[in-house]
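Here's the structure, in C-alpha cells; my notes come after.
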Amino acid sequence: MTAGSDIRLAGKIVLVAGAGSSAAGWSIGKASCVTMARQGASIVALDANLDAAEEAAHEVEQAGGNALPLRADVADPDGMRAAVDAALRRYGRIDVLQANAGIGKVGGPEDIALEDWDRIQQVNVTSLLIATRLLAPLMREQGGGAIVAVSSVAGIRYTGYPHLAYSVSKAAVIHFARMAAQQYAADRIRVNTVIPGLIDTPRVAKNVARMFAADARAASAARDRQVPMGRMGTPWEVANAVAFLASDEASYITGTELVVDGGLTGRYA
C-alpha cells in the first residue's frame with residue numbers, strides 16, 4: 001500500500017460478495033473493495049458479472065492493493081464453494097466476509113411475481129446462509145473472523161413505495177446476522193449488519209429516475225430532500241462503516257446494526 005495508508009486491516013483477506021457495480025460509477029461493493037484495500041486488506045472481489053468483478057479488482061490495484069476477481073452466483077452453493085476454493089488457493093485464508101449482493105423489484109403483495117419473490121430471497125438471504133456455511137468453519141479454525149452483512153433501511157421502515165420482496169429480504173438479513181452472532185460468538189466470529197439509507201449509487205441513478213420521474217436530476221433532488229442531512233449518502237460512507245466492523249477496532253461488537261442514513265430513520269421513527 002502507499003505510504004501513510006491506514007493499516008487497520010493489514011494482513012486480512014476480505015471476500016466481498018457483490019463487489020461490482022451495475023453501471024459506471026461507484027457502488028457500495030466497489031467502494032468497499034477499495035476502502036478496505038487502502039486499509040491493508042487483500043480483496044477477493046466476487047460478482048455474478050465477471051467484468052464487474054474485474055473492474056473492482058482493477059480499482060483495488062490502482063489504489064495500490066491486491067485483488068482476486070471471481071465470478072459466482074451468490075445463490076449457487078457449488079459456484080460459491082468453487083469461488084472460496086479459488087480464494088484459498090490464492091491467499092490461504094479468508095478473514096472477513098462482506099455479504100453485499102442484493103437485488104430487488106418494485107411490487108406489493110398482489111403485484112410481485114412468485115418467481116421474482118423467490119429469486120430475490122435467494123440472492124439477498126439464502127446467499128448469506130450459503131456463504132456462512134462455507135466460511136464459518138474456516139474462520140473457526142483460524143481463530144476468528146468477521147461477517148458484515150449489508151441490509152437497507154427498507155428492512156426496518158417503509159420507504160415510500162411498494163418494494164415488498166426486497167424489504168422483507170433485508171429484514172431477514174438483519175435477523176440472520178443477529179442469530180448467527182449468538183451462535184458464533186464463542187468462536188470469535190463477529191456478525192454485524194450495516195444498514196444504508198438513501199445512497200447515491202449507479203443502481204439508484206439508473207432505476208429510481210425510471211420509476212418516479214423522467215428527469216434523473218429531479219428524482220435525485222427529491223431523494224436528497226427526504227434526508228435530514230439534506231443529501232443522499234455516498235458509497236464511500238457506507239464502505240467506511242463496513243471497514244470499521246471488519247476491523248479489530250470492532251472486536252467487542254457483534255450481533256448489532258450500524259445505520260448509515262443521514263438521520264432518515266430517526267425522522268420517521
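Sequential numbering from 1 along the given sequence is applied to the chain's residues.
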* Could you go step by step and tell me if Arg93 and Glu141 meet the salt bridge (Lys or Arg N to Asp or Glu O under 4.0 Å) rule? -> CA-CA 10 Å; Arg93 60 187 291 127; Glu141 291 178 10; over 6 Å; no
* To do: Kindly indicate, with the supporting measurements, whether the criterion side-chain contact (heavy atoms from CB on, under 4.5 Å) is fulfilled by Leu138 and Gln142.
  => CA-CA 6 Å; Leu138 296 174; Gln142 294 166 185; 4.2 Å; yes
* State the CG-CE distance between Leu264 and Met232, to the nearest 0.5 angstrom. => 12.0 Å
* **Nearest-0.5 Å distance that lies between atom OG in Ser169 and atom CD in Gln122** => 11.5 Å
* Leu135 to Ile94 - nearest heavy-atom pair and separation -> CD2-CD1, 3.7 Å
* Thr193 versus Phe176: any side-chain heavy-atom pair under 4.5 Å? -> no
* **Whether over 12 other heavy atoms sit under 6.0 Å from Glu61 CD** => yes
* Asked: Okay, side chain of Ser27, backbone of Lys30: is any donor-acceptor separation there less than 3.5 Å?
  -> yes
* **Inter-residue atom distance His175.NE2 - Ser151.OG, 0.5 Å rounding** => 13.0 Å
* Asked: Taking side chain as C-beta onward, heavy atoms only, is Val227 less than 4.5 Å from Arg223?
  -> no
* Asked: Which atoms form the tightest heavy-atom contact between Leu97 and Ala131, and what is the distance?
  -> CD2-CB, 3.6 Å
* **Short side-chain to backbone donor-acceptor contact, Thr254 and Val191, under 3.5 Å** => yes
* Asked: For His58, does the NE2 atom sit with more than 12 other heavy atoms under 6.0 Å from it, leaving out its own atoms?
  -> yes
* Asked: Is there a side-chain contact between Asp261 and Arg157, using heavy atoms and a 4.5 Å cut-off?
  -> no
* Same hydrophobic cluster for Val96 and Leu68, using side-chain heavy-atom links shorter than 4.5 Å among ILVMFWY? -> no
* **Nearest-0.5 Å distance that lies between atom OG in Ser247 and atom CG in Leu9** => 6.0 Å
* Do Leu134 and Ile189 share a hydrophobic cluster (ILVMFWY, side-chain heavy atoms under 4.5 Å, transitive)? -> yes
* Residue Met229 excluded, over 12 heavy atoms near CE under 6.0 Å -> no
* Check the pair Ser32 / Gln98 against side-chain hydrogen bond (donor to acceptor under 3.5 Å, both in side chains), numbers first and verdict last. => CA-CA 9 Å; Ser32 296; Gln98 179 186 352; 3.2 Å; yes
* List the atom of Trp236, the atom of Arg38, and the distance in Å for their closest heavy-atom pair. => CZ3-NH1, 3.9 Å
* Are Tyr166 and Val259 in one and the same hydrophobic cluster, where Ile, Leu, Val, Met, Phe, Trp and Tyr link if side-chain heavy atoms are under 4.5 Å apart? -> no
* Before giving the answer on side-chain contact (heavy atoms from CB on, under 4.5 Å), spell out for Asp51 and Glu55 the whole-Å C-alpha distance, their side-chain angles and the decisive distance to 0.1 Å. => CA-CA 6 Å; Asp51 288 342; Glu55 170 63 20; over 6 Å; no
* Check whether any side-chain heavy atom of Val153 lies under 4.5 Å from a side-chain heavy atom of Pro196, and answer yes or no. => no
* Asked: Taking it one step at a time, do Ile147 and Arg190 satisfy side-chain contact (heavy atoms from CB on, under 4.5 Å)?
  -> CA-CA 6 Å; Ile147 297 171; Arg190 299 180 298 102; over 6 Å; no
* Asked: Given the rule in the side-chain contact (heavy atoms from CB on, under 4.5 Å) test, do Val74 and Leu46 qualify, once you have shown the distances and angles that lead to the verdict?
  -> CA-CA 9 Å; Val74 292; Leu46 184 146; 3.9 Å; yes
* Asked: Between Glu257 and Arg178, is the closest basic N to carboxylate O distance under 4.0 Å?
  -> yes
* Is Val84 linked to Tyr184 within one hydrophobic cluster, defined over Ile, Leu, Val, Met, Phe, Trp and Tyr using a side-chain heavy-atom separation of less than 4.5 Å? -> yes
* Quick one: closest heavy-atom pair of Gly65 and Ala37, and the distance? => CA-CB, 4.5 Å
* **Note, Val44 side chain near Ile13 side chain (heavy atom, < 4.5 Å)** => yes
* Gap between atom CD1 of Ile174 and atom CD1 of Ile195 - 0.5 Å precision -> 3.5 Å
* Structure fact -> d(Asp95 CG, Met139 CE) to nearest 0.5 Å is 7.0 Å
* Asked: What residues, two or more places apart in sequence or in another chain, satisfy ring-ring contact (aromatic ring centres under 6.0 Å, His included) together with Trp117?
  -> none
* Asked: Is a side-chain donor or acceptor of Asn124 paired with a backbone partner of Ile103 at a separation under 3.5 angstrom?
  -> yes
* Asked: Any sub-3.5 Å donor-acceptor pair from Asn192's side-chain atoms to Leu245's backbone N or O?
  -> no
* Asked: Should Val60 and Met36 be regarded as members of a common hydrophobic cluster, given that ILVMFWY residues are connected when their side-chain heavy atoms come within less than 4.5 Å of each other, either directly or indirectly?
  -> yes
* Asked: Where do Lys170 and Val150 come nearest, in terms of heavy atoms and distance?
  -> NZ-O, 3.0 Å
* To do: Determine whether Ile253 and Phe244 make a side-chain contact, defined as any pair of heavy atoms from C-beta on separated by less than 4.5 Å.
  => yes
* Asked: Got Val238 and Val194 here, is their nearest side-chain heavy-atom distance under 4.5 Å?
  -> yes
* Under the side-chain hydrogen bond (donor to acceptor under 3.5 Å, both in side chains) rule, what pairs show up with a residue in residues 78-92, not counting sequence neighbours? -> Asn66-Tyr91
* Between Asp248 and Lys12, is the closest basic N to carboxylate O distance under 4.0 Å? -> yes
* Asked: Among pairs that include at least one residue of residues 116-140, which meet salt bridge (Lys or Arg N to Asp or Glu O under 4.0 Å), considering only residues two or more places apart or in two chains?
  -> Asp73-Arg119, Lys105-Asp116, Arg140-Asp187
* Asked: Are side-chain heavy atoms of Thr234 and Ile199 found at a separation under 4.5 Å?
  -> no
* For Ala243 against Gln39, the heavy-atom pair lying closest together -> CB-OE1, 3.5 Å
